Peer 1: 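One structure, as structure tokens, below. Some questions next.
Being a predicted model, the structure only gives us computed values, none of them experimental.
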Amino acid sequence: MNEMTPHGSVKQLRRRKDGKVIAGVCSGVGNYVGIDPNILRVGLAIASLFGGLGVGIYAVAWLLIPDQDKDASIVQNLIDNNKDNPVWKDTQAKVQDKWSKATNRHQPSMPHDPYAHHPYSQPKADDKL
């Protein structure tokens with residue numbers, strides 16, 4: 001969806017400062033899609049009446065859509081700033097491991113017993129079978 005602007009640049013989805021009410025999400029999305037931001041605001045307000053869905057959508061969009069004068073979103077900045085964090089590396093390794101297991105259809109996965117090496121799961125020497 002690389003749409004060109006009249007100035008010859010690629011149109012980008014950004015939170016806008018002009019016309020913003022809270023964080024500029026509706027203004028940015030409205031500008032990108034080409035509709036009035038007030039229509040989006042009314043839609044989100046109505047969706048908020050149904051279990052807070054509109055608030056959730058707005059919050060996720062605020063986290064994922066970059067600000068007008070920035071290249072990265074809030075989430076992207078958090079990821080970039082914590083790439084060397086051991087917790088992040090551990091989480092990333094676990095996700096990659098689970099993804100590779102989920103997408104590998106040629107080798108059936110063997111169920112893993114987390115208690116197989118637990119001392120209480122081993123038979124005692126004095127137990128008779």
Peer 1: Got more than 12 heavy atoms from elsewhere within 6.0 Å of CG, Asp71?
Peer 2: no
Peer 1: Would you compute the distance between atom OH of Tyr58 and atom CD1 of Ile22 and round it to the nearest 0.5 angstrom?
Peer 2: 5.0 Å
Peer 1: Can you give me every donor-acceptor pair (side chain of residues 35-48, partner residue at least two apart or in another chain, under 3.5 Å) with its distance?
Peer 2:
from: Asp36; atom 1: OD1; to: Asn38; atom 2: N; distance (Å): 3.3
from: Asn38; atom 1: OD1; to: Arg41; atom 2: NH1; distance (Å): 2.9
from: Arg41; atom 1: NH2; to: Gly19; atom 2: O; distance (Å): 2.7
from: Ser48; atom 1: OG; to: Leu44; atom 2: O; distance (Å): 2.8
from: Ser48; atom 1: OG; to: Val55; atom 2: N; distance (Å): 3.3

Peer 1: Distance-only check: which donor-acceptor pairs under 3.5 Å involve side-chain atoms of residues 63-70, not counting sequence neighbours?
Peer 2:
from: Gln68; atom 1: OE1; to: Lys17; atom 2: N; distance (Å): 2.9
from: Asp69; atom 1: OD2; to: Lys17; atom 2: NZ; distance (Å): 3.1

Peer 1: Rounded to the nearest 0.5 Å, how far does OG of Ser73 lie from CZ of Arg14?
Peer 2: 9.5 Å
